[in-house]
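Everything below concerns the one structure shown next.
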Amino acid sequence: MKNIIMTGDRPTGKLHIGHYVGSLRQRLELQNEGNYDEFIVMIADAQALTDNADNPQKIRDNIMEVMLDYLAIGLDPNKVTFCIQSLLPALPELTAYYMNLVTLQRLLRNPTVKSEIKEKGFDSESAGTPVGFANYPISQAADITAFKANLVPAGVDQEPMIEQTREIVRCFNRIYKKDILTECKTVLPKNESCYRLVGTDGNAKMSKSLGNCIYLSDEPEVIKKKVNSMATAPRDINDPGIIEGNVVFIYLEAFATDEYFTKYYPEYKNLDELKQAYLKGGIGDGTIKKFLNNIIQDELEPIRERRKELSKQIPEIINILKEGTNKAIELSNKTLEEVKAAMAIDYFKDDSFLNDQIKKYNN
Ligand code: TRP
């Protein structure tokens, strides 16, 4: 069997380098390896609405931003099917049936959902958690299973959703005695330091609301300013440096390949050598920030330039989305049909319901 790859993002803002190292690079690698039958990338607008019901315009506006980011990093519409979640009618239907396979208690144990509830202030008495928001892991299971995906390249924060999906798949296949749904696994970055890139301010999460992101589309001066603003402990240059919790080194772990040392910092062969020297003292934080800035500039320049070119081709991109969505509608409808057949709720598909009832009532 070949692979079916499925993933997506909520269109709540432009994508940043946390997305890039946390999952986008991995998606590109999978695309370029080419070892799959389908590769679906979903813009999860319906999921984004679960905590933005009052601001649908924001979601609408960010669909193209996310799409431009996808194409700018090199996801190829000839190899990947792009689709918009809310346009796939099979998904809410699958979600409704899956909701019967998950307890409320299990749903609310989801660690990512729990921390999001805190972050968004849904745990305050006056606010509360929208039911649709609490339910999004189940709707995400619908996204994944609708394509029978076995591989989900996503950030480590998505693992609880993938685990929930596996549980639903097992439960479904057990109850309905059909091997219709496929178990999936997360594809994480190979380098663990890429799992969760901290914000430029050292906050554990890179997030728009904290203003600590470097966006894929940021201009060179903006990137430079953000790198320079990274807080490092003040010290005399000759004092030993501290690497533990040092934001600049956290970023270097994610980005500084040996090639970048050859190009911008030939005094050292690789990050290990730089770290040893830094620990001894004598290397200023301005120097390592300059190195990091050079690297991020190199990484983002082609993406930013491609993005600018792509933004002149909006009708073509809308068309890519439209065609991809149509294909995704077909694929997901087919799975829904199989699911309903397995559940024996496909009453009028053939004459079996009719014949059963005729027999029962002796017509
Ligand atoms: N939960 C993902 C996010 O927060 C978006 C998403 C929706 C997704 N459906 C998915 C990711 C299916 C992977 C697979 O951005």
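No experiment lies behind these values; they were computed from the predicted model shown.
- Minimum heavy-atom separation, Gln164 to Pro137: CG-CB, 4.2 Å.
- Ion pairing between Lys148 and Glu38 fails under the 4.0 Å rule for side-chain N and carboxylate O.
- Cation-pi geometry between Arg166 and Phe172 is not met at under 6.0 angstrom from the ring centre and within 45 degrees of the axis.
- At least one donor-acceptor pair closer than 3.5 Å links the side chain of Asn173 to the backbone N or O of Leu181.
- Annotation: cation-pi pair Arg27/Tyr70 absent, no NZ/CZ under 6.0 Å from the ring centroid and within 45° of its normal.
- Counting heavy atoms from C-beta on, the side chains of Ile138 and Thr165 never come closer than 4.5 Å.
- Remark: the Tyr98 side chain and the Thr145 side chain contain an N/O donor-acceptor pair separated by less than 3.5 Å.
- The existence of a salt bridge linking Asp51 and Lys120 is confirmed by a sub-4.0 Å separation between a basic side-chain nitrogen and an acidic carboxylate oxygen.
- Counting only N and O atoms by type, the side chains of Asp272 and Gln276 include no donor and acceptor under 3.5 Å apart.
- Side-chain atoms of Asn3 and Asn150 form a donor-acceptor pair, as typed in the model, at a separation below 3.5 Å.
- Atom CD of Glu29 and atom CD of Glu33 lie 5.0 Å apart (nearest 0.5 Å).
- Looking at Asn246, its side chain does come within 3.5 Å of a backbone N or O of Ile242 through a donor-acceptor pair.
- The shortest heavy-atom contact between Ser23 and Gly155 is CB-N, 3.8 Å.
- No side-chain donor from either of Asp69 and Tyr215 sits under 3.5 Å from a side-chain acceptor of the other.
- Using a 4.5 Å heavy-atom threshold, the side chains of Leu75 and Gln31 count as touching.
- Ring orientation note: the planes of Phe261 and Tyr265 are close to parallel, at an angle under 30° on the 30°/60° scale.
- In this structure, Asn191 contributes its side chain and Glu253 its backbone to a donor-acceptor pair below 3.5 Å.
- Side-chain N or O atoms of Thr50 include none that pairs as donor or acceptor with a backbone N or O of Tyr136 at under 3.5 Å.
- Counting only distance, with no hydrogens or angles, the side chain of Asp346 and the backbone of Glu337 share no donor-acceptor pair below 3.5 Å.
- Side-chain polar atoms of Gln26 and Tyr20 form no donor-acceptor pair below 3.5 angstrom.
- The backbone N or O of Leu210 sits nowhere less than 3.5 Å from a side-chain atom of Asn203 that would complete a donor-acceptor pair.
- Cation-pi geometry between Arg25 and Phe255 is met: the NZ or CZ atom falls under 6.0 Å from the ring centre, inside 45° of the normal.
- Residues Leu104 and Leu108 meet the side-chain proximity criterion, which asks for heavy atoms closer than 4.5 Å.
- Glu219 and Lys308 are joined by a salt bridge, as a carboxylate oxygen and a charged side-chain nitrogen come within less than 4.0 angstrom of each other.
- In this structure, a donor-acceptor pair under 3.5 Å is present between the side chains of Gln85 and Asp143.
- Hydrophobic clustering (side-chain heavy atoms under 4.5 Å, transitive across Ile, Leu, Val, Met, Phe, Trp, Tyr) keeps Phe133 apart from Val102.
- Asn293 and Gln297 form a side-chain donor-acceptor contact under 3.5 Å, judged by distance and modelled atom types alone.
- Here the side chains of Tyr278 and Asp285 are in contact, with some heavy-atom distance below 4.5 Å.
- At a threshold of 4.0 Å, the pair Lys178-Glu338 does not count as salt-bridged, since none of the basic side-chain nitrogens sits closer than that to a carboxylate oxygen.
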Intermediate values then yes/no, side-chain contact (heavy atoms from CB on, under 4.5 Å), Ile318 and Glu323: CA-CA 9 Å; Ile318 298 270; Glu323 283 179 7; over 6 Å; no

Decide side-chain contact (heavy atoms from CB on, under 4.5 Å) for Asp9 and Ile43; before the verdict, give the C-alpha distance in whole Å, the side-chain angles of both, and the deciding distance to 0.1 Å. CA-CA 5 Å; Asp9 294 277; Ile43 302 190; over 6 Å; no

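- A 4.5 Å side-chain heavy-atom check between Ile283 and Ile288 finds at least one atom pair inside the cut-off.
- Heavy atoms of other residues, nucleotides or ligands lying less than 6.0 angstrom from CZ of Arg106 number more than 12.
- Cys213 and Lys208 make their closest contact through SG-N, 3.5 Å (heavy atoms, listed as atom of the first residue, atom of the second, distance).
- Under a 3.5 Å cut-off, the side chain of Arg306 and the backbone N or O of Leu71 do form a donor-acceptor pair.
- A donor-acceptor contact closer than 3.5 angstrom is absent between the side chains of Tyr268 and Asp258.
- At least one donor-acceptor pair closer than 3.5 Å links the side chain of Asn52 to the backbone N or O of Ala48.
- No side-chain N or O of Asn62 forms a donor-acceptor pair with one of Thr12 less than 3.5 Å apart.
- The two residues Pro153 and Ile5 come nearest to each other via the heavy atoms CD-CG2, 3.4 Å.
- Side-chain atoms of Glu163 and Ile168, non-hydrogen and from C-beta on, never get closer than 4.5 Å to each other.
- Looking at every heavy atom in both residues, Cys83 comes nearest to Ile40 through SG-CG2, 3.9 Å.
- With hydrogens and angles disregarded, no donor-acceptor distance shorter than 3.5 Å links the side chain of Glu299 to the backbone of Ile295.
- Here the closest non-hydrogen pair linking Tyr251 and Val198 is OH-O, 2.7 Å.
- By the 4.5 Å heavy-atom criterion applied to side chains, Lys14 and Leu216 are not counted as neighbours.
- Checking Gln140 against Gln47 by side-chain atom types alone, a donor-acceptor pair falls below 3.5 Å.
- Note that CG of Asp123 is 7.5 Å distant from CD1 of Ile117, once rounded to the nearest 0.5 Å.
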